[in-house]
Novice: 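Sharing a structure with you now.
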Amino acid sequence: MIELVFPAPQLTKLRKQIAHHRLESAAILLAAPVRRNERDIRLLVQTMALPAEADYLRRTATDVELRPEFGLPLEKTAARKGWSLIYVHTHPNQDNLPSFSYVDDRTEARLAPYAQMRSADTPHVALLLGKERLVARQLGTSTPVRVLEIGDHIHHAYDPAADSDELEIAHDRQIRAFGKAGQRRLRRVRVVVVGLGGTGSVVAQQLAHLGIDEFLLIDTQVIDETNLNRVVGAIPNDKDKILKVDVAERVIKAIRPGARVTKVSKDVLSPGVGAQIAGFDFVVCCTDSNGSRHLLNQLAYQYLVPTIDLGVSITPNASLTDLQLWAHVRLLAPGQACLHCTGSLDPDQVRRDLMAEPDRRRDPYFNKNVQVIQPAVISLTSLAASTATTMFLSVVVGIPAPARHLTLQLHRGIMKPLTSTPQAGCHYCGDAAIATGGAVQLPEQADA
């Protein structure tokens, strides 16, 4: 399947900016391709070129053509960078789902070989905007292309497989809550869980119950005795024998025997792991390492893979009555401020996490940053995990839970939504950084 993915609100803007109540309109987009596997590819919209009236060679209520000189610079850029060309036009008088016309077929028969000659190693797309809805196909073919807009929600603008999946009676109560379309979306979303400890193990279990069928699980640690009080599915016989990813897989498979589970028992900063994550649809970050969160933060915006970052902090004091219980859950996606903008990462610790181990030990600050073993209580980690899973449902399915950054102050009985705006020119969530795909290398831990 080919997916055409817009960072929010670009698709909405495109619709408004080329709309005309009577005449057809056109535009040309450039998209960076990200190959997910042998069959699937994502096209991340990078550039939108909107013509002025003088750029039209012909424009009527039933036909439209742009001057060749309008498209030539874009086609040269696509050739140089290996990007996809997205040819957009409108049918302003078509209600419901628009359909490509005979004129469109004839135009694409001429245009498709030309686009392929310009940029041979990536597919090109025809995008048709009707009055309310849209369709897309691979240029010059009948192969449908899924269209998404990713921001606060994953907006399925066009999903040719929307009604194709069989639904299970086991999910009847969920379907009563958010409908068949929502359950089908859950069946198709592919989720990464980074960190399978107290929060991550609960997230994995809940996602399996919801009906997620494909997981990438990342964690390096073996179950130890201190994990048994909070890692869901861990039993005493697992101690010092079983990896956390193996326990999580066992839990998932017990709930969904047919689930596809890929396990990575490497540090998420190991070479190649970030690229593997970029092939999935959604990430839940359950690790508190500054370096790993830095990677996932960058990946969320660069590859348009929405990521929920969560954590729990228990601060003991002299008296039990002074115990402080904190948690946070936030979405990282276009339109949301990243972890750097909100001051949630320590740049020095990020730098140390990305060092090779021998260099890190030689760092003059290494011995001042010895990891302190943090308190952990299953009811608190489970609460944070459930809050994250609910936010996931809101983003993917659309249930009415609009907060995208929540802080929980349980010692005060408070769950508080926060708002934050990306800083202008941010290297991670600023406009220039979004949807760049493989043009920018993801951070990795240096080789020893």
Side-chain angles (χ1 to χ4, degrees), residues 150 152-154 168 170-179 181-219 230-233 244-245 247-256 259 261 277 280-288 293 296 300 305-312 326-333 336 376-408 410 415-418:
I150 292 181
D152 290 353
H153 293 84
I154 299 177
E168 303 168 38
H171 296 123
D172 175 69
R173 300 295 183 94
Q174 290 174 196
I175 293 169
R176 291 171 187 268
F178 45 69
Q183 189 60 45
R184 288 189 173 105
R185 288 174 187 171
L186 288 175
R187 282 285 301 274
R188 291 198 303 275
V189 70
R190 303 162 69 235
V191 182
V192 182
V193 183
V194 182
L196 277 303
T199 52
S201 63
V202 179
V203 167
Q205 179 194 46
Q206 292 187 356
L207 292 176
H209 277 300
L210 286 173
I212 302 302
D213 264 342
E214 187 161 358
F215 293 83
L216 174 62
L217 308 177
I218 302 174
D219 197 303
R230 66 191 184 281
V231 174
V232 169
K244 289 180 180 178
V245 290
V247 171
E249 180 188 35
R250 188 170 66 198
V251 169
I252 291 167
K253 292 281 193 176
I255 299 165
R256 297 195 66 72
V261 179
I277 295 171
F280 279 70
D281 302 309
F282 208 103
V283 176
V284 185
C285 173
C286 302
T287 172
D288 57 4
R293 294 172 71 214
L296 298 174
V305 180
T307 297
I308 291 177
D309 177 77
L310 69 150
V312 177
W326 297 83
H328 76 266
V329 179
R330 74 182 78 183
L331 177 69
L332 306 175
Q336 299 293 314
V377 179
I378 191 169
S379 61
L380 305 179
T381 53
S382 296
L383 178 58
S386 294
T387 304
T389 305
T390 303
M391 187 179 290
F392 166 85
L393 280 174
S394 181
V395 175
V396 174
V397 174
I399 67 168
R404 294 296 180 261
H405 187 177
L406 286 166
T407 180
L408 289 73
L410 301 178
M415 179 184 286
K416 182 179 179 181
L418 302 176

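Starting from 1, each residue takes its place in the sequence as its number.
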Novice: Going from CG on Leu410 to CE on Met415, what distance comes out if it is rounded to the nearest 0.5 angstrom?
Specialist: 7.5 Å

Novice: In the structure I gave you, are the side-chain heavy atoms of Cys286 and Val203 within less than 4.5 Å of one another anywhere?
Specialist: yes

Novice: To the nearest 0.5 Å, what is the distance between CZ on Arg293 and OG1 on Thr287?
Specialist: 8.5 Å

Novice: Please confirm whether the backbone N or O of His209 pairs with a side-chain atom of His171, one donor and one acceptor, at under 3.5 Å?
Specialist: yes

Novice: Can you see which heavy atom on His328 is nearest to which on Asp309, and at what distance?
Specialist: NE2-OD2, 2.7 Å

Novice: Quick one, Lys244 and Val247 - any side-chain contact, counting heavy atoms below 4.5 Å?
Specialist: no

Novice: What pair of heavy atoms forms the shortest contact from Phe280 to Val305, and how long is it?
Specialist: O-CG2, 3.7 Å

Novice: I'd like to know if the side chain of Ser394 reaches the main chain of Ala401, judged simply by a donor and an acceptor atom lying under 3.5 Å from each other, with no hydrogens or angles considered.
Specialist: yes

Novice: Roughly how far, to the nearest 0.5 Å, is the CG atom of Leu383 from the CD1 atom of Ile378?
Specialist: 12.0 Å

Novice: Ignoring hydrogens and angles, tell me if any N or O in the side chain of Asp219 forms a donor-acceptor pair with the backbone of Leu196 under 3.5 Å.
Specialist: yes

Novice: Does a sphere of radius 6.0 Å around NZ in Lys253 hold more than 12 heavy atoms from other residues, nucleotides or ligands, not counting ones at 6.0 Å or beyond?
Specialist: yes

Novice: As a test of understanding, state which of Val283, Leu331, Thr387 forms a side-chain contact (heavy atoms from CB on, under 4.5 Å) with Ile308.
Specialist: Leu331

Novice: Shortest non-hydrogen contact from Val397 to Arg185?
Specialist: O-NH1, 3.9 Å

Novice: So, applying side-chain contact (heavy atoms from CB on, under 4.5 Å) with Phe282, which one of Ile154, Thr307, Leu207, Val192 is it?
Specialist: Ile154

Novice: Yes or no on side chain to side chain contact (heavy atoms under 4.5 Å, CB included) for Val396 and Asp281, after CA distance, side-chain angles and deciding distance?
Specialist: CA-CA 10 Å; Val396 174; Asp281 302 309; over 6 Å; no

Novice: Are Gln336 and Arg330 packed together at the side-chain level, in the sense that at least one heavy-atom pair is separated by less than 4.5 angstrom?
Specialist: no

Novice: Measuring from atom CD1 of Ile399 to atom NE2 of His153, what distance do you get when rounded to the nearest 0.5 angstrom?
Specialist: 9.0 Å

Novice: To the nearest 0.5 Å, how far apart are CG in Leu210 and CD in Gln205?
Specialist: 10.5 Å

Novice: Of the non-hydrogen atoms in Gly211 and Gln183, which two are nearest, and what is the gap between them?
Specialist: CA-NE2, 4.3 Å

Novice: Any chance you could measure His405, atom NE2, to Met391, atom CE, to the nearest 0.5 Å?
Specialist: 8.0 Å

Novice: Gln206 pairs by side-chain contact (heavy atoms from CB on, under 4.5 Å) with which of Thr389, Leu393, Val232?
Specialist: Thr389

Novice: Mind checking whether Ile277 and Ile218 have side chains closer than 4.5 Å, heavy atoms only?
Specialist: yes

Novice: Can you name the one residue among Arg256, Arg187, Arg190 that meets salt bridge (Lys or Arg N to Asp or Glu O under 4.0 Å) with Glu214?
Specialist: Arg190

Novice: Looking at every heavy atom in both Thr199 and Ala385, which two are closest together, and how far apart are they?
Specialist: O-CB, 3.6 Å

Novice: Taking all non-hydrogen atoms of both residues, which atom of Ile212 and which atom of Leu186 are closest, and how far apart?
Specialist: CD1-O, 3.2 Å

Novice: Taking the side chain as every heavy atom from C-beta outward, state whether Leu217 and Ile252 have any pair of such atoms under 4.5 Å apart.
Specialist: yes

